[in-house]
There are 2 protein chains.
Amino acid sequence: MDIAEVAKASGLPASTLRFYEEKGLIQSTGRNGLRRLFSANVIERLALISLGRSAGFSLDEIGEMFTSEGPDINRALLLAKADELDRTIEELAAMRDGLRHAAVCKAPSHFECPKFLRLLRIAGKNRFRQPNKLKENKLKRGGQKT
Amino acid sequence: MDIAEVAKASGLPASTLRFYEEKGLIQSTGRNGLRRLFSANVIERLALISLGRSAGFSLDEIGEMFTSEGPDINRALLLAKADELDRTIEELAAMRDGLRHAAVCKAPSHFECPKFLRLLRIAGKNRFRQPNKLKENKLKRGGQKT
DNA sequence: GCTTGACTTCAAGTTGACTTGAGCTTTTAT
DNA sequence: ATAAAAGCTCAAGTCAACTTGAAGTCAAGC
């Protein structure tokens with residue numbers, strides 16, 4: 001397949017595919033002149049990358065998984081990530097409850113509501129840098145091959 | 001309190017506090033000479049900002065909440081965010097299950113495992129740009145520079 | 001055989017949330 | 001009184017994951 005087909009099938013722009021190739025996350029099987037050729041399984045690979053990204057892996061981490069040295073390193077890593085997700089999920093659930101409570105809370109200021117303040121403390125424990133914004137409107141879903 | 005106290009109490013570096021002030025997220029109550037003075041409630045405000053960040057709000061969104069025009073705009077926004085978190089949580093749970101499964105799966109390649117492939121499809125639906133990495137090791141809780 | 005448009009490379013730009021550095025001023029401890 | 005420690009401002013740098021732009025190449029259709 002050429003890059004346009006992969007782009008269409010995966011929903012990712014060609015620039016991203018080139019970028020991923022440069023990073024070593026995918027490979028092109030060869031060239032037709034200048035043009036990259038991809039085998040069909042790159043689509044699954046891209047889906048796997050998507051999965052990883054959605055689960056919070058960085059591209060570098062995903063790259064490490066693909067090239068992991070032993071056969072078991074992977075598994076340990078996967079389990080560790082699963083545990084991490086468990087924690088994240090718990091925290092997000094607490095946040096969600098806090099938000100819902102805040103939305104109906106009658107206290108004049110949230111700062112005067114003990115429930116809310118308890119939430120703040122949870123959030124405080126969970127303080128991590130959260131980078132920038134998701135741009136959901138940028139992704140045009142459903143673009144499947146014509 | 002002076003900025004160092006706030007930094008200590010909140011766990012945020014002074015540079016971040018200045019940055020937040022510049023963005024209008026917190027206010028200093030005045031100056032002692034050059035130096036900013038903060039009232040104690042800035043701590044709670046910062047905790048609230050932390051909560052918002054953890055829940056996925058951008059600083060701009062948090063700023064809007066603080067200065068929201070009507071009293072109900074806030075609530076709708078909070079509920080919407082809570083719903084968003086619900087979806088996120090569901091997806092993360094699916095990821096987690098997928099990771100756990102992948103870790104024990106006997107299939108020679110994950111691509112040959114139907115369970116795993118089902119996961120990929122979920123991840124595919126959920127494809128959104130996920131920005132960059134959390135740096136959890138960067139935050140030294142309570143660690144203060146001498 | 002020539003245009004055209006999809007592809008190429010490489011460098012630089014974008015975004016959000018900060019951080020860092022240079023060069024000053026002020027407070028505080030000796 | 002003086003020097004170090006802590007603050008200050010403002011500009012520029014950083015990071016991840018891409019995107020964009022310029023300038024060139026080339027396969028294919030007419």
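Chain letters run A, B, ... following the sequence lines, proteins first, then strands; residues in each count from 1.
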Around B:Glu5, counting heavy atoms of other residues, nucleotides and ligands shown, do more than 12 lie under 6.0 Å from its CD?
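Yes, CD of B:Glu5 has more than 12 neighbouring heavy atoms, counting only those of other groups under 6.0 Å.
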Using 0.5 Å steps for rounding, measure from the [atom1] atom of [X] to the [atom2] atom of [Y].
X	Y	atom1	atom2	answer
A:Arg36	A:Ile3	CZ	CD1	5.5 Å
A:Arg96	A:Arg100	CZ	CZ	6.0 Å
A:Leu25	A:Leu17	CG	CG	11.0 Å

Return the value, rounded to whole Å, for the distance between atom [atom1] of [X] and atom [atom2] of [N].
X	N	atom1	atom2	result
A:Arg31	C:dT8	CZ	P	6 Å
A:Ile26	D:dA17	CD1	P	15 Å
A:Phe19	C:dC10	CZ	P	15 Å
A:Ile62	D:dA16	CD1	P	14 Å
B:Glu21	D:dC8	CD	C1'	11 Å
B:Leu17	D:dG7	CG	P	11 Å
B:Leu25	C:dC18	CG	C1'	13 Å
A:Glu64	D:dA16	CD	P	12 Å

Cluster link B:Leu79 to B:Phe57, ILVMFWY, side chain under 4.5 Å:
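No.
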Should [X] be listed as having a side-chain N or O under 4.0 Å from OP1 or OP2 of [N]?
X	N	answer
B:Tyr20	C:dC18	yes
B:Thr16	C:dT19	yes
A:Ser15	D:dC18	no

Heavy-atom side-chain contact between B:Leu46 and B:Leu12 under 4.5 Å
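B:Leu46 reaches B:Leu12 side chain to side chain.
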Side chain to side chain, A:Leu92 and B:Thr88, heavy atoms closer than 4.5 Å
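Of all side-chain heavy-atom pairs linking B:Thr88 with A:Leu92, at least one is under 4.5 Å.
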Using heavy atoms to find the nearest nucleotide of DNA chain D for A:Lys23 and A:Gly33 separately, return the residue whose nucleotide is more 5′.
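The residue closer to the strand's 5' end, by nearest nucleotide, is A:Lys23.
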Need to verify one output field. Residue with the more 5' nearest nucleotide on DNA chain C, B:Asn32 or A:Phe38?
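This one resolves to A:Phe38.
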Close N or O pairs between protein and nucleotides 2-7 of chain C (under 3.5 Å):
{"from": "C:dA6", "atom 1": "N3", "to": "A:Arg35", "atom 2": "NH2", "distance (Å)": "2.7"}
{"from": "C:dC7", "atom 1": "OP1", "to": "A:Asp2", "atom 2": "OD2", "distance (Å)": "3.0"}

